[in-house]
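Here is the structure we will look at.
In what follows, chains are A, B, ... by sequence order, proteins preceding strands, each numbered from 1.
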Protein chains: 2
Amino acid sequence: MNSFTEENYLKAIFKLSSPKVDGVSTNAIAEEIQTKASSVTDMIKKLSDKKLVKYKKYQGVHLTKKGKEIAVSIIRNHRLWEVFLVEKLAFKWDEVHDFAEELEHIRSKELTNRLDAFLEFPKHDPHGDPIPDKDGNIYNHKDITLSDLKSAEKGIVVGVKEHSKSYLNYLESVNLVLGAEIKVNDVIDFDHSMSITVNKKKTANISHQVSKNLLIKKTD
Amino acid sequence: MNSFTEENYLKAIFKLSSPKVDGVSTNAIAEEIQTKASSVTDMIKKLSDKKLVKYKKYQGVHLTKKGKEIAVSIIRNHRLWEVFLVEKLAFKWDEVHDFAEELEHIRSKELTNRLDAFLEFPKHDPHGDPIPDKDGNIYNHKDITLSDLKSAEKGIVVGVKEHSKSYLNYLESVNLVLGAEIKVNDVIDFDHSMSITVNKKKTANISHQVSKNLLIKKTD
DNA sequence: TATTATTTTTAGACAAGTCTAAAAATATAT
DNA sequence: ATATATTTTTAGACTTGTCTAAAAATAATA
């Protein structure tokens with residue numbers, strides 16, 4: 001069995017891995033986990049002994065197949081519990097992260113799969129992030145943000161790229177939740193801010209900072 | 001905040017406390033937690049520093065008001081999650097304990113109360129144990145067991161006094177789950193075993209060991 | 001009551017995960 | 001290419017919770 005701490009390292013490494021980077025750096029992990037680089041080195045050695053990561057001194061780390069499986073299963077758990085908390089317990093999307101952070105570590109295929117079924121196999125969590133299926137496949141939706149839309153174009157909100165409480169809170173205050181319909185009225189050249197209409201009713205002025213973190217599916 | 005370990009000690013002390021005993025003994029806690037007496041002494045000191053227990057060397061421990069509150073909230077959590085697992089995720093009553101043991105430590109009044117509401121304020125967990133309400137009140141049902149019934153008397157199953165997997169498994173195999181109707185056909189003087197009819201259909205022979213651990217509500 | 005048995009506590013050690021401070025390796029800049 | 005800056009690792013220490021072995025206190029028994 002692996003400790004919560006080990007699992008959080010695996011999750012962090014998974015998050016920081018991408019085709020672009022060859023080996024996740026010690027400092028990046030330290031930043032992500034909010035700890036010191038020396039602690040990361042210690043833990044990396046432990047994970048390496050357990051064959052969960054591949055590691056050469058000073059060269060950064062890669063997850064092994066086994067390490068990646070664990071990371072993905074934790075992410076699956078996390079996102080399913082978030083759906084549960086929002087759909088069934090009526091929490092708001094900015095309130096669920098910390099609970100899910102604890103629930104995700106109860107790692108049982110049986111429990112996860114039953115929760116999945118109970119929730120009717122959701123494809124995305126309340127922030128629009130894709131939920132890995134029970135074989136660990138993740139289907140990412142293409143990365144169009146509100147800031148990519150031009151005047152008169154329309155779309156619906158499918159997710160967020162930024163998960164801070166203050167951002168989610170703000171979005172909710174202007175009705176920009178999952179599924180909201182957006183029409184772009186006007187884009188200001190100077191600062192890329194835009195005027196939009198939400199659900200054919202409310203009009204709002206949106207900064208570039210906000211629009212570039214809002215994932216959108218273009219409609220017609 | 002308190003660690004899982006601290007919380008498990010509080011739970012154990014609560015479980016072992018009763019009007020009968022004045023101070024829970026170190027050995028009893030060690031037995032309950034499955035650890036060594038010396039470890040218990042160490043932890044008791046820590047809990048005492050935190051004002052969660054009252055402790056005098058060699059005299060056993062008592063929970064303080066604050067310690068008892070925490071213990072009860074954990075038990076509330078545990079039992080609510082058990083209801084969730086059985087009612088919503090269709091687990092059987094012998095499968096849920098270990099999961100609940102982990103879920104119980106996510107201690108948030110908000111989360112617990114919403115879960116309670118979602119489950120429609122259940123009074124008992126799947127084993128018939130009472131669920132403390134949100135103010136910490138526990139309403140115990142009176143302690144009549146199947147072994148208290150005489151020939152021709154009837155009752156319905158309201159709980160179990162023994163929680164082992166093998167016992168719960170056995171009960172399920174003879175349909176003795178929560179709510180099952182029992183009629184006593186015959187009691188053997190020699191070993192106190194009895195012949196019963198379950199739900200007016202199945203007849204079973206039940207040992208004293210089994211009948212004395214099955215909580216019953218008498219029905220005329 | 002004196003002696004033995006049991007329970008509880010102490011003392012010292014260990015593993016996990018963390019930290020600081022310093023050393024080693026790598027990357028950057030002159 | 002050499003000096004400087006940054007990143008990473010090591011060494012040693014600290015905390016939490018555990019353990020064993022021995023000492024101290026309490027309980028049981030003759």
d(OH, B/Tyr58; C1', C/dT6) in whole Å: 12 Å

Nearest-angstrom distance from the residue atom CD of A/Gln59 to P of C/dA25: 12 Å

Sugar-phosphate, base or nothing in reach of A/Phe4, heavy atoms under 4.0 Å: nothing

Aromatic contact, B/His127 with B/His97 (centres under 6.0 Å): no

Where B/Arg114 and B/Glu110 come nearest, the two heavy atoms and their spacing: NE-OE2, 2.8 Å

Test side chain to side chain contact (heavy atoms under 4.5 Å, CB included) applied to B/Ala30 - qualifying residues, sequence neighbours left out: B/Val40

Rounded interatomic separation in angstrom, taking CE from B/Met43 and C1' from D/dT16: 8 Å

Distance, rounded to the nearest Å, where A/Leu47 contributes CG and C/dA16 contributes C1': 13 Å

d(CG, B/Asp42; C1', C/dT8) in whole Å: 12 Å

Separation of D/dT8 C1' from A/Asn27 CG (nearest whole Å): 8 Å

Side-chain N,O (A/Ser38) to OP1/OP2 (C/dT20) below 4.0 Å: no

Protein-nucleotide distance (B/Tyr55, atom OH; C/dT10, atom C1'), rounded to Å: 10 Å

Touch class at under 4.0 angstrom, heavy-atom based, for B/Thr5 against every strand present: sugar-phosphate

Whole angstrom value for the distance that separates C1' of C/dA25 from NZ of A/Lys56: 16 Å

N or O in side chain of B/Thr41 less than 4.0 angstrom from C/dT9 OP1/OP2: yes

N or O in side chain of A/Thr35 less than 4.0 angstrom from C/dT18 OP1/OP2: no

Phosphate-side-chain proximity, A/Lys57 and C/dT26, N/O vs OP1/OP2 below 4.0 Å: no

Sugar-phosphate only, base, or nothing, as touched by B/Ser39 at under 4.0 Å among non-hydrogen atoms: base

Phosphate OP1/OP2 of C/dT18: any A/Tyr9 side-chain N/O under 4.0 Å: yes

N/O (side chain, A/Lys36) to phosphate O (OP1/OP2, C/dA21) under 4.0 Å: no

Heavy-atom neighbours of A/Asp189 CG exceed 12 at 6.0 Å: no

Parallel, tilted or perpendicular, as decided by the 30° and 60° cut-offs, for the rings of A/Phe118 and A/Phe84: tilted

